[in-house]
Amino acid sequence: MSKNEVRVRFAPSPTGPLHIGGVRTALYNYLFARKNNGKFLLRIEDTDQNRLINGAEKYIIDSLKWCKIQVDEGVSVGGEFGPYKQSERKDVYKKYVFDLIKNNKAYYAFDSNEELNTMRSNLKKEGKAAPQYNSISRSRMKNSLTLSKKEVEERLRRGDKYVIRILIPRNQEIKFKDEIRGWVSVNSNNLDDKVLYKSDGMPTYHLANVVDDYLMKISHVIRGEEWLPSAPLHILLYQYLGWENKTPTFAHLPLILKPDGKGKLSKRDGAKYGFPVFPISWDQNDKSFIGYKEFGFSPDAFNNMLALLGWNPGNENEIFNMNELIENFSLKKVNKSGAKFDFKKTVWFNEQHLKKMSGEEIIENFDSSLLKSFSREYLVSVANLIKERAKFVNEVEVEGKYFFSKPKIYDEKLIKKKWNDDNKFLIKEILFEITNIEVFSANNISKCFNDFLNKKNLNFGEIMPILRVIVSGIKFGPPLNEIFFLLGKKEVISRIKFALNNL
RNA sequence: GGUCCGUUCGUCUAGUGGUUAGGACUCAUGGUUUUCAUCCAUGCAACAGGGGUUCGAUUCCCCUACGGACUACCA
């Protein structure tokens, strides 16, 4: 590994299905890694054992796979800096947290939940808006800074529960340069002595992510804006651990907001606004959510939409496949402000990608029974014909169903209105003309239609819609001559005869 | 409440110390398609407000307003 190699990580916590905000973070990390010939790691941050959800880790891996975001190193693929799951790295964190204690950068705290609550409510009563465990309040709490050395040792010896808190310095400006936002500066008086190490022997996110990022040689931390307020704490931790020169570059991404702009998009918003918020479906216990995949979106369209929500290429192109996204991606072109989610535009992206998909690609999504019953050539032709007027891949099969079987139902309104004796007679006549077409090509069929209409002095609208309906069952679709051509002469004649005899 | 971050058409966004402030989605209208969809054309529509700095600010600075994130032994 070269010294300046770009190494980024996506580090979700397996507390449920990953929603599109998380996927976008993963995507930006991935694009950045590929663009810079770097590595993309997947790390599972499962330090909160209480919130683990069964199947969430698998869901994350499956989601990335569907999005074509390839993991170079991480839980699913391994790598030289593993393990990549924090619950399997407990011993690693222990070492560093005790180093911090030794160097007076952290301390033991023995306060119970009740005592913490009391402290907070007292501070509130005193008019403190944000009650913190900080340089002031810690002097009134039970910790290794207030207790005698002997008592601390005694408590530790007898196995009292404790947490380890970081010792935040007084009145110190902590600043760092964010790739997206520029310099961000916070006074340490606004930080509290965050817990680094929990009483269950697990580190908190703050400690674990800093230690892991350092050990895994992460060069850029690209994550959501919700982490911006705790970034100074992380910066301080790098200093405390003596890794100042190894501090990664930070980039805090703008959030994806609800369509009405009130807050960040959440897992529950899918039901509320009527669009998927998850990449693939999630089905567990009483909870079930449809995914973009199952809704009929293509991964390319999904990525394209996500990428453009907060980033732009600097020109007016909007449609990109993964390689093009990689080619064009830059952190410098990521916006600062949150983006409200717009499902209509998302659908438009899918439509654009569907039109670019080849018939071959589209039929991969067809039901396997169709692939068995029809030739690939036929299915590809159908797909190419239908895709022009579909928005989703899974619509193609449905819209073109009359290519796979005779219509079972016919447009009721039109039949009622137009299927009269005069028109039946005309259909019989046109059937005769169709039967006489020697080479059954789209062009010849079209010519046959036109000649017939001219001869009879009819407008297209007078007879063709009914012809369309008796052959395909529905009023709209691709040009009729194209449909006839694909169906073949024999099938067309048979369908028309069937209608004449049975409708 | 406190801290931090943000603010260009309804939405996603481009952009610059001097522009008719550009594109895309949506919507509307017209054209092509005998249907539907596509496609094409046209239209609607924005620099949050107030102070500075400047010959000149949408652009730079400050304030206000508004919005968001965070404020746990959650990540």
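Note on naming: letters A, B, ... go to the chains in the order of the sequence lines (proteins, then strands), and numbering restarts at 1 for each one.
- In terms of position on RNA chain B, the residue among A:Asp46 and A:Pro478 whose nearest nucleotide sits closer to the 5' end is A:Pro478.
- A search for side-chain contact (heavy atoms from CB on, under 4.5 Å) contacts involving A:Lys355 returns A:Glu351, A:Glu388, not counting sequence neighbours.
- Among residues two or more places apart in sequence or in another chain, the ring pair (Phe, Tyr, Trp, His ring centres under 6.0 Å) test is passed with A:Tyr410 by none.
- The CZ atom of A:Phe250 sits 18 Å away from the P atom of B:C4 (whole-angstrom rounding).
- Closest approach of A:Ser381 to A:Leu486, counting heavy atoms only: CB-CD2, 3.4 Å.
- Nearest nucleotide to the A:Leu255 side chain, out of B:A14, B:C36, B:A69: B:A69.
- Looking at heavy-atom distances under 4.0 Å, A:Arg51 makes contact with a base.
- Remark: the separation of the P atoms in B:A24 and B:U38 is 16 Å, to the nearest Å.
- Counting any heavy atom pair closer than 4.0 Å across all strands shown, A:Lys475 reaches a base atom.
- Residue A:Lys264 is classed as a sugar-phosphate contact, given heavy-atom separations below 4.0 Å to backbone atoms only.
- Near RNA chain B, meaning a heavy atom under 4.0 Å away, the residues from residues 158-174 of chain A are A:Val163, A:Arg165.
- A:Phe349 meets the ring pair (Phe, Tyr, Trp, His ring centres under 6.0 Å) test with no other residue; sequence neighbours excluded.
- A search for ring pair (Phe, Tyr, Trp, His ring centres under 6.0 Å) contacts involving A:Phe176 returns A:Phe250, not counting sequence neighbours.
- Out of B:C5, B:U38, B:U35, the shortest distance to the side chain of A:Glu388 is found at B:U38.
- Of the candidate nucleotides B:U38, B:U13, B:C36, B:U13 has the atom lying nearest to any side-chain atom of A:Asn312.
- Taking side-chain N and O atoms only, A:Asn335 has a distance below 4.0 Å to OP1 or OP2 of B:U13.
- At a threshold of 4.0 angstrom between heavy atoms, the contacts of A:Thr15 with the nucleic acid are absent.
- Comparing A:Trp311 and A:Glu462 by the nucleotide of RNA chain B whose heavy atom lies nearest to each, the residue mapping closer to the 5' end is A:Trp311.
- Note on A:Arg120: only backbone sugar-phosphate atoms sit closer than 4.0 angstrom, heavy atoms only; bases stay farther off.
- Among the protein residues, A:Pro12 comes within range of no part of the nucleic acid, since none of its heavy atoms lies under 4.0 Å from any strand.
- For A:Tyr214 and A:Tyr96, the distance between ring centers is not under 6.0 angstrom.
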Check the interface with nucleotides 42-46 of chain B: list each N/O to N/O pair with the protein under 3.5 Å, or write none.
none

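- Among residues two or more places apart in sequence or in another chain, the side-chain contact (heavy atoms from CB on, under 4.5 Å) test is passed with A:Lys161 by A:Ser199.
- When heavy atoms are screened at a 4.0 angstrom cut-off, A:Ser337 is found touching the sugar-phosphate backbone but no base atom.
- If you check every strand for non-hydrogen atoms under 4.0 Å, A:Val347 touches nothing.
- Ranking B:G6, B:A37, B:C4 by closeness to the A:Leu228 side chain, first place goes to B:C4.
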Query raised in the report: How does each nucleotide of nucleotides 19-27 of chain B score, in 5' to 3' order, for protein heavy atoms under 4.0 Å: base (B), sugar-phosphate only (S), or none (-)?
Result: ---SSBSS-
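- The nucleotide whose nearest atom lies closest to any side-chain atom of A:His206 is, among B:C12, B:U38, B:A75, B:A75.
- B:G10 and B:C39: their C1' atoms are spaced 26 Å apart (whole Å).
- Listed pair A:Asn50 / B:A75 fails the phosphate criterion, with no side-chain N or O lying under 4.0 Å from OP1 or OP2.
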Please list, pair by pair, any protein nitrogen or oxygen found under 3.5 Å from a nitrogen or oxygen in nucleotides 1-3 of chain B.
from, atom 1, to, atom 2, distance (Å)
B:G1, N2, A:Ala129, O, 3.3
B:G1, N2, A:Ala130, N, 3.4

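- Taking the C1' atom of each, B:G6 and B:G17 are spaced 23 Å apart, rounded to whole Å.
- Using a 4.0 Å cut-off between charged nitrogen and carboxylate oxygen, A:Lys194 and A:Asp192 count as a salt-bridge pair.
- Residues A:Trp348 and A:Phe343 keep their aromatic ring centres 6.0 Å or farther apart.
- When each of A:Val163, A:Ile164, A:Thr204 is checked for a side chain to side chain contact (heavy atoms under 4.5 Å, CB included) with A:Tyr197, only A:Ile164 meets the rule.
- Residue pairs meeting the side-chain hydrogen bond (donor to acceptor under 3.5 Å, both in side chains) criterion with at least one partner in residues 248-257 of chain A, sequence neighbours excluded, are A:Asp178-A:His252, A:Arg223-A:His252.
- Ring-plane geometry between A:Tyr162 and A:Tyr108 is classed as perpendicular, the angle between the planes exceeding 60 degrees on a 0 to 90 degree scale with a lower cut at 30.
- A:Lys333 comes within 4.0 angstrom of sugar-phosphate atoms only, judged by non-hydrogen atoms across all strands, and of no base.
- Using a 4.0 Å heavy-atom criterion, one finds that A:Asp178 contacts no nucleic acid atom at all.
- Contact annotation for A:Asn189: no contact, since no heavy-atom pair falls under 4.0 Å across all strands.
- With B:C73, B:A75, B:A14 as the choices, the nucleotide that has an atom nearest any side-chain atom of A:Val195 turns out to be B:C73.
- Seen from the ring of A:Trp311, A:Lys333 does not count as a face-on cation partner, given the 6.0 Å and 45° thresholds.
- Between A:Asp269 and A:Lys272 there is no salt bridge, since no side-chain N of the basic residue sits under 4.0 Å from a carboxylate O of the acidic one.
- Here the two rings, on A:Phe302 and A:Phe297, have centers that are 6.0 Å apart or farther.
- Annotation: A:Lys418, atom NZ; neighbour count of heavy atoms from other residues, nucleotides and ligands within 6.0 Å is above 12.
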Query - Reading 5' to 3' through nucleotides 59-67 of chain B, protein heavy-atom contacts under 4.0 Å coded B for base, S for sugar-phosphate only, - for none - result: ---------
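- Not counting sequence neighbours, the partners of A:His206 by the ring pair (Phe, Tyr, Trp, His ring centres under 6.0 Å) test are A:His234.
- At a threshold of 4.0 angstrom between heavy atoms, the contacts of A:Gly310 are confined to the sugar-phosphate backbone, with no base atom among them.
- Side-chain nitrogen and oxygen atoms of A:Lys198 include at least one within less than 4.0 Å of the OP1 or OP2 phosphate oxygen of B:A75.
- Taking the six-membered ring for Trp and thresholds of 30 and 60 degrees, A:Phe392 and A:Phe295 have ring planes more than 60 degrees apart, a perpendicular arrangement.
- For A:Lys105 and A:Tyr240, the positive end sits near the middle of the six-membered ring, less than 6.0 Å away and at most 45° from its axis.
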